[in-house]
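Taking it in order: structure first as structure tokens, then the write-up.
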Protein chains: 2
Amino acid sequence: MNDKKKISMAVIRRLPKYHRYLQELLDKGVMRISSKELSKIIGFTASQIRQDLNNFGGFGQQGYGYNVQELFLGIQEILALKQTYKTVIIGAGNMGQALANYPWNQTSGFEIQALFDINPKLVGLTIHGLHIYDIETLSDYIQENQINVAFICTPKERAQEIADILSKTSIQGIWNFSPIDLDGLDDIVVENVHLSDSLFVLSYLLNEDADEESERR
Amino acid sequence: MNDKKKISMAVIRRLPKYHRYLQELLDKGVMRISSKELSKIIGFTASQIRQDLNNFGGFGQQGYGYNVQELFLGIQEILALKQTYKTVIIGAGNMGQALANYPWNQTSGFEIQALFDINPKLVGLTIHGLHIYDIETLSDYIQENQINVAFICTPKERAQEIADILSKTSIQGIWNFSPIDLDGLDDIVVENVHLSDSLFVLSYLLNEDADEESERR
DNA sequence: TAGATTGTTAATCGATTAACAATC
DNA sequence: TAGATTGTTAATCGATTAACAATC
């Protein structure tokens, strides 16, 4: 019955890029595109594009290519961007507030309901229409309001305790901005944004280039 | 002469994680660790750990394992975290300010010198000791102050014009937070943080789980 | 020395690219 | 129909894992 082959993460992580470029083509009024043309603007090989899209069944048509709108909507559907997810942000510092002020719900289904913080100076405030609650009330709030997803934006010292709390709730997913790997979240989907990891890679690449230059001498 | 084999990005992107876990071990006072023990805590296979580290020459010692401090310092060196990079942040909105307030220079060499924005209400302000300049003056500022790196935190509509300006300066690297792929930066190292891409993957994964559940029924 | 564990080669696995028959 | 382009299989490439000789 379950004949759906598991899609590899390599493919999944390319989908948002397809989504972005197809959005752009759609905005430009482009009706159809071949894998070869798409390859030129998106930077994947035409072969890879056809392989990727075929994981999800026949979007294209021989001799014609892909209908831009159909493909765009298809990928939107695969990414489940029309699903809504009730979301809270934990940690109302700079990053938490930055995420709170971004209109995620314009392109995806993440609807931010509230923020939580441990700092008494922040608790009780309202930023951009979102209330900041005491972290003590997090667990109850999640259950009462059937929250699906949490964005973790606490300092790294607090992140694991938050994860421990969340693991005992019905939360389904976590977008983790703290610079650690959270443990004990077996049935919860976790997507990490390790900013300092990314910055360290930039640091490496900056230096790698310098090394190559000095080697050439 | 150039016998240095190119290290693959797959390896490079694991290095920050080694760095984090070794930092932790160091803080705990652990002196030595085998690939097998490290495997247990970091989640890579012992074989992969040995392969990864061997890309950079002999950190370990047969029968003993790895000296934690030596390995930590070695990876710090490979990531060039002691190098300093004079950095500006372009776009002083929520994300720009969040990045400005984070102490990146505690673990890496990125030293933030200034912010830039197009909004007259922000230009002239000082946040956490950092001045916000008019974006008109960006190019001159970079040359006069020998800036190495720019963090781009503008809305997506502005990002490519910023890239165009930067491409004509001596800037070496860009940490790009705008949700597009920047063009025309041939000799500049670009590290992207596509937050909405990451969120879309979370959306997919949340739904994938749901699909599997319904299949089981 | 015996035991442990690396460094490194070989085997496997998975992802990307190439090729081409199917078909619009 | 002829030309174009997909869907899909086969070939290649690269990354991960396994195995084991080297050696501390």
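Throughout, a chain's letter reflects where its sequence line sits, starting with A, and its residues are numbered from 1. Please read all numbers here as calculations on a predicted model, not as lab measurements.
Across the protein-nucleic acid pair, A/Ile7 atom CD1 and C/dA15 atom C1' stand 13 Å apart, rounded to whole Å. The interatomic distance linking B/Ile49 (CD1) with C/dT5 (C1') rounds to 13 Å, in whole Å. The NZ atom of B/Lys36 sits 10 Å away from the C1' atom of C/dA4 (whole-angstrom rounding). Rounded to whole angstrom, the span from the CG atom of A/Leu38 across to the C1' atom of D/dT6 amounts to 14 Å. Following rounding to the nearest Å, B/Arg13 (CZ) and D/dA15 (C1') show an atom-to-atom distance of 16 Å. Remark: P of D/dT16 and CG of B/Asp52 are 7 Å apart, rounded to the nearest angstrom. In this structure, the CD atom of A/Gln61 is 10 Å from the C1' atom of D/dT5, given to the nearest Å. As a whole-Å value, the separation of A/Asn54 CG from C/dT17 C1' is 15 Å.
Across D/dC24, D/dT5, C/dT17, the shortest atom-to-atom separation from the side chain of A/Gln51 is found for C/dT17. Checking C/dT6, C/dA22, C/dC20 against the side-chain heavy atoms of A/Gln62 singles out C/dA22 as nearest.
Interatomic distance, CG of A/Leu202 versus CZ of B/Phe110, reported as 4.0 Å (0.5 Å rounding). To the nearest 0.5 Å, the span separating CD on A/Glu208 from CG on B/Leu79 amounts to 11.5 Å.
In this structure, A/Tyr64 does not reach the C/dA22 phosphate: none of its side-chain N or O atoms is under 4.0 Å from OP1 or OP2. One finds a side-chain N or O of A/Gln48 lying less than 4.0 angstrom from the OP1 or OP2 phosphate oxygen of C/dT16. For D/dT16, the OP1/OP2 oxygens have a side-chain nitrogen or oxygen of B/Arg14 closer than 4.0 Å. Between D/dG7 and A/Tyr66, a contact under 4.0 Å exists linking OP1 or OP2 to a side-chain N or O. Applying the 4.0 Å criterion to OP1 and OP2 of D/dT17, one finds that B/Thr45 has a side-chain N or O inside that range. For D/dT5, neither phosphate oxygen OP1 nor OP2 lies less than 4.0 angstrom from any side-chain nitrogen or oxygen of A/Ser35.
Between A/Lys40 and A/Glu37, none of the side-chain N atoms (NZ, or NE/NH1/NH2) sits under 4.0 Å from a carboxylate O, so this pair counts as no salt bridge. Salt bridge B/Arg13/A/Asp197: absent, no basic N to carboxylate O contact under 4.0 Å.
Residue B/Ser47 is classed as a base contact, given a heavy-atom separation below 4.0 Å to a base.
Of all nucleotides present, only D/dG7 satisfies the Watson-Crick or G-U wobble test against C/dC20, with each distance under 3.5 Å. Both distances falling under 3.5 Å, in either a Watson-Crick or a G-U wobble arrangement, place D/dC13 opposite C/dG14.
A/Tyr18 has its ring centre no less than 6.0 Å from the ring centre of A/Phe72. Here the two rings, on B/Tyr141 and B/Phe116, have centers that are under 6.0 Å apart.
Of the two residues contacting DNA chain C, namely A/Met9 and A/Arg50, the nearest-nucleotide position lying further toward the 5' end is that of A/Met9. Both A/Gly63 and B/Ile33 sit near DNA chain C, but only B/Ile33 has its closest nucleotide nearer the 5' end.
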